[in-house]
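Okay, structure first, notes after.
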Amino acid sequence: SLGLRCGDLRELTWEDLEGDKIKLIEGKTRKFRVLTVHPELKAISDRNREGRTGPIFVGQKKNILTIQRINSILHRIATEYGISGSFTSHSLRKTMGRRIWERDNQSERSLIYLSKLFNHSSTEITRIYLGITSDEIADLYMSL
């Protein structure tokens, strides 16, 4: 996952991919971002890129996929693999952030990085976004 909002992901074009970087202006914040693409994702895009221009995420009729269509596809995948609960483009973004925070031992450092990744104005907004509760914060202090 790139941690992008679905609206930004669906607007990506083949021209936005430059080597191992994606360059874009976020729709919600209007901020310019440069993302480094994971080597495995780059290999997939390299295999599928030849001669392509325009939007990356298009349907059979070459129209850009709607957020509803993307979420419908994700729901079908979740059902196919027996995944329960909410499974949307937005839940994937939040889950990625939550996993990063947990893998980094729920550190303040990871909240700072995630705040930058999500283009949040503060780590407090990132805490709220990830659903980090005061009980979890208290548990951190007790674990010292």
Side-chain angles (χ1 to χ4, degrees), residues 1-137 139-140 143:
S1 174
L2 296 169
L4 292 173
R5 290 176 184 87
C6 190
D8 293 327
L9 191 61
R10 64 186 287 273
E11 296 291 329
L12 284 179
T13 67
W14 290 103
E15 294 79 11
D16 294 330
L17 296 172
E18 296 180 16
D20 67 343
K21 305 283 186 220
I22 295 175
K23 297 180 180 181
L24 72 144
I25 296 176
E26 289 188 329
K28 182 176 181 179
T29 64
R30 305 304 309 154
K31 293 180 182 176
F32 178 74
R33 285 190 64 186
V34 177
L35 302 168
T36 302
V37 178
H38 190 280
E40 289 179 22
L41 184 56
K42 183 180 180 322
I44 292 168
S45 73
D46 287 348
R47 281 196 307 270
N48 292 292
R49 181 180 190 146
E50 189 173 326
R52 293 189 182 201
T53 60
I56 295 172
F57 299 102
V58 293
Q60 293 176 341
K61 296 179 182 177
K62 305 299 181 206
N63 296 332
I64 296 175
L65 297 174
T66 65
I67 293 172
Q68 292 81 7
R69 179 68 182 132
I70 291 167
N71 287 335
S72 172
I73 292 167
L74 290 172
H75 179 73
R76 184 174 39 86
I77 292 168
T79 301
E80 185 177 320
Y81 287 93
I83 299 169
S84 60
S86 177
F87 198 72
T88 64
S89 57
H90 190 73
S91 68
L92 290 176
R93 176 176 150 96
K94 289 178 81 163
T95 300
M96 182 199 78
R98 188 74 186 206
R99 288 196 61 196
I100 289 170
W101 180 68
E102 289 170 353
R103 279 191 169 171
D104 198 34
N105 296 314
Q106 301 175 337
S107 73
E108 188 68 22
R109 175 187 68 186
S110 63
L111 287 175
I112 292 167
Y113 290 149
L114 287 167
S115 182
K116 285 194 69 72
L117 178 103
F118 291 144
N119 258 330
H120 290 161
S121 58
S122 70
T123 56
E124 186 56 34
I125 289 172
T126 304
R127 277 188 189 88
I128 293 166
Y129 182 77
L130 298 178
I132 298 170
T133 66
S134 55
D135 288 342
E136 288 174 304
I137 294 169
D139 288 345
L140 282 175
S143 69

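All residue numbers in this chain count up from 1 along the given sequence.
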Evaluate the criterion side chain to side chain contact (heavy atoms under 4.5 Å, CB included) for residue pair D20 and T36; output intermediate values, then yes/no.
CA-CA 6 Å; D20 67 343; T36 302; 4.2 Å; yes
Between CG on residue L4 and CE on residue M96, distance to nearest 0.5 Å
8.5 Å
Intermediate values then yes/no, side chain to side chain donor-acceptor pair (under 3.5 Å), N71 and S89
CA-CA 6 Å; N71 287 335; S89 57; 3.3 Å; yes
Approximate separation, where rounding is to 0.5 Å, of S45 OG and R47 CZ:
9.0 Å
Could you measure the distance from the CD1 atom of I64 to the CZ atom of R69? Nearest 0.5 Å is fine.
15.0 Å
Where L117 and G3 come nearest, the two heavy atoms and their spacing:
CD2-CA, 4.4 Å
Check whether more than 12 heavy atoms from other residues, nucleotides or ligands sit under 6.0 Å from atom CZ of R49, and answer yes or no.
yes
Write down the atom of N48, the atom of I44, and the distance for their closest heavy-atom approach.
ND2-O, 2.8 Å
Please assess L111 against L130 for the test side chain to side chain contact (heavy atoms under 4.5 Å, CB included), listing each intermediate value before the final yes or no.
CA-CA 10 Å; L111 287 175; L130 298 178; 4.1 Å; yes
E11/R5 salt bridge by N-O under 4.0 Å criterion:
no
Answer yes or no on whether K23 is positioned over the face of F32, meaning its NZ or CZ is under 6.0 Å from the six-membered ring centre and within 45° of the axis.
no
Verify side chain to side chain contact (heavy atoms under 4.5 Å, CB included) between I25 and K31, making sure each step is shown before the conclusion.
CA-CA 5 Å; I25 296 176; K31 293 180 182 176; over 6 Å; no
So OG1 of T29 and CG of N119: to nearest 0.5 Å the spacing works out to 4.5 Å
Under a 4.5 Å cut-off applied to non-hydrogen side-chain atoms, are D16 and I56 in contact?
no
CA sep, side-chain torsions, deciding dist, call: L2, L41, side chain to side chain contact (heavy atoms under 4.5 Å, CB included)
CA-CA 10 Å; L2 296 169; L41 184 56; 4.1 Å; yes
Under 3.5 Å, is there a donor-acceptor pair between the side chain of D8 and the main chain of G27?
yes
Identify the two heavy atoms, one from C6 and one from I67, that lie closest to each other, and give their separation to 0.1 Å.
SG-CG1, 3.8 Å
Here the pair of heavy atoms bringing S110 nearest to I100 is CB-O, 4.3 Å
For W101 and I132, work out which heavy atoms get closest and say how close.
CE2-CD1, 3.5 Å
So how far is it from I112 CD1 to E108 CD, rounded to the nearest 0.5 Å?
5.5 Å
Pairwise distance CD1(I73) to NE2(H75) - rounded to 0.5 angstrom
12.5 Å
For the CZ atom on F87, are there more than 12 heavy atoms of other groups (residues, nucleotides or ligands in this structure) within a distance under 6.0 Å?
yes
Any ion pair linking E124 and R127 (charged N to carboxylate O, less than 4.0 Å)?
yes
For a quick test of reading the model, state the closest non-hydrogen atom pair linking T123 to S115 and the distance between them.
N-OG, 3.9 Å
